[in-house]
Every structure is written in structure tokens, then in C-alpha cells.
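Worksheet: one structure, shown below.
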Amino acid sequence: MNKWLTTLALAGLAFSCDSPDVPNYNTEIKTDRTEYTVGDTVKVSIVNDLDQAIYISIDGTDSSKVDYQLQQKTVENWKTVVASHPVPSGKVFSLNSGNKLLYKFVVPAVPVGGVNIFRVNHRIYMNQDMTKSIGGQQTTSNSFFVYE
């Protein structure tokens with residue numbers, strides 16, 4: 001009996017411990033709606049809830065020209081259908097803790113070869129020289145549907 005109690009206690013202790021080195025990036029990217037028609041304007045917000053600045057790739061020094069990729073859902077994966085600029089462009093915008101960056105773009109015609117579900121993908125960095133990415137799971141927006 002003692003052997004089983006000891007085994008259960010050790011198993012409970014092992015499963016109650018947090019996984020080490022699993023970061024919580026606290027960065028949110030979202031669109032203003034979940035449905036659009038071709039020609040509509042999509043408003044995107046990037047919110048930094050970290051306790052440090054994050055860096056977002058932009059075109060030149062204009063923070064309204066955020067580098068993004070519009071991606072379309074395919075049967076296998078996501079494919080980039082529009083890249084705003086080469087990503088990354090080599091210039092960054094510093095988004096301080098607690099701040100939000102807003103930008104917008106117009107929904108293009110829906111390309112063939114996928115479904116009408118899209119998302120916006122970004123390159124977001126933890127440092128200004130753009131050598132440390134924030135993490136793949138935190139660089140895309142919510143999915144949204146586009147009507148033709």
C-alpha cells in the first residue's frame with residue numbers, strides 16, 4: 001500500500017509542475033471583423049501586453065505601412081497570397097509595453113486554389129536588430145471569411 005501511495009504522490013508532483021521555458025508572449029493580433037467582402041478595408045490591431053517593447057517590421061519609417069502577409073487557407077496549409085512588402089523589410093517599429101499599433105489594407109480578389117478563409121501573418125521580434133522572433137504561434141491574426 002505504501003508503495004502505491006508513494007508512486008501516486010510522485011506522479012501527482014510530476015504532473016503539477018509547470019513546464020520550464022515555455023514563454024507566454026502576450027501579444028495579440030486581431031482584425032476588426034470576422035467577415036469581409038472583396039474591396040472592404042480590414043483594420044488590424046497589434047497589442048503588446050508584454051512587460052517589454054516588441055519590434056514590428058515596417059516599410060521605411062512609416063508605421064502605417066506594416067509588413068504583413070495575407071494568407072489563404074488551403075487543404076494542406078496556409079499560402080501567402082499578398083505580401084505587403086518583402087518581409088522583413090529591414091526597418092522596425094518599436095511597440096512599447098501596453099501599446100497598440102493599428103493599420104489597414106483593402107481585401108483583394110479571392111485567389112483560386114484555396115477556400116475563402118484568410119489570416120494576416122507578421123514578423124514580430126523581441127529585439128530591435130530582428131534576430132529573435134517572438135514565436136510562430138503569436139504572429140498571425142484571427143481567421144476571417146471573405147465573400148466575393
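These numbers come from the heavy atoms of this one structure, side chains and all, not from hydrogens, waters or symmetry mates. We're numbering straight along the sequence, starting at 1.
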| query | How are the rings of His122 and Tyr68 set to each other: parallel, tilted or perpendicular (split at 30° and 60°)? | reply | tilted

| field | Intermediate values then yes/no, side-chain contact (heavy atoms from CB on, under 4.5 Å), Arg119 and Ser141 | value | CA-CA 6 Å; Arg119 70 181 185 183; Ser141 72; 4.0 Å; yes

| said: Asp32 vs Lys104, test: salt bridge (charged side-chain N to carboxylate O under 4.0 Å, His left out). Steps then yes/no. | reply: CA-CA 10 Å; Asp32 61 327; Lys104 56 188 174 185; over 6 Å; no

Between [X] and [Y], which heavy-atom pair has the shortest distance, and what is it?
| X | Y | value |
| --- | --- | --- |
| Ile46 | Leu95 | O-CD2, 3.5 Å |
| Ile54 | Leu50 | CG2-CD1, 3.4 Å |
| Thr37 | Val107 | O-CB, 3.9 Å |
| Leu102 | Ser45 | CD2-CB, 3.3 Å |
| Asp67 | Ser57 | OD2-OG, 2.7 Å |
| Lys43 | Tyr36 | N-OH, 4.4 Å |

| message | My understanding is that only residues two or more places apart in sequence, or in another chain, count here; which of them pass side chain to side chain contact (heavy atoms under 4.5 Å, CB included) with Asn96? | response | Ala53, Ser94, Asn99

| task | Taking side chain to side chain contact (heavy atoms under 4.5 Å, CB included) as the test, write out the residues that go with Thr74, two or more places apart. | result | Glu76, Asn77, Lys79

Could you tell me whether the side chain of [Y] reaches within less than 4.5 Å of the side chain of [X], counting heavy atoms only?
| X | Y | answer |
| --- | --- | --- |
| Phe93 | Leu101 | yes |
| Asp40 | Val38 | no |
| Tyr55 | Ile124 | no |

| message | Please evaluate residues Val92 and Asp129 with respect to the criterion side-chain contact (heavy atoms from CB on, under 4.5 Å), reporting the C-alpha separation (whole Å), side-chain torsions for both, the decisive distance (0.1 Å), and the verdict. | response | CA-CA 8 Å; Val92 295; Asp129 64 4; over 6 Å; no

| query | Do the side chains of Val82 and Ile29 join up, straight or via other hydrophobic residues, at under 4.5 Å, putting them in one cluster? | reply | yes

| Hydrophobic cluster identity match, Phe144 and Val47, side-chain contacts under 4.5 Å | no

| request: Ignoring hydrogens and angles, tell me if any N or O in the side chain of Gln72 forms a donor-acceptor pair with the backbone of Pro111 under 3.5 Å. | output: yes

| message | Checking Val120 against Thr140 for the side-chain contact (heavy atoms from CB on, under 4.5 Å) test, could you report, in this order, the C-alpha distance in whole Å, the side-chain angles of both residues, the deciding distance, and whether it holds? | response | CA-CA 6 Å; Val120 183; Thr140 56; over 6 Å; no

| message | Between Asn142 and Thr31, is there a side-chain donor-acceptor contact under 3.5 Å, judged purely by atom types and distance? | response | yes

| field | Remaining members of the apolar cluster that contains Trp78, side-chain heavy atoms under 4.5 Å | value | Val115, Ile117, Phe145, Tyr147

| Steps toward side-chain contact (heavy atoms from CB on, under 4.5 Å) verdict (Val110, Phe118) | CA-CA 10 Å; Val110 176; Phe118 293 83; 4.0 Å; yes

| request: Look at atom NZ of Lys73 and say whether more than 12 heavy atoms of other residues, nucleotides or ligands are closer to it than 6.0 Å. | output: yes

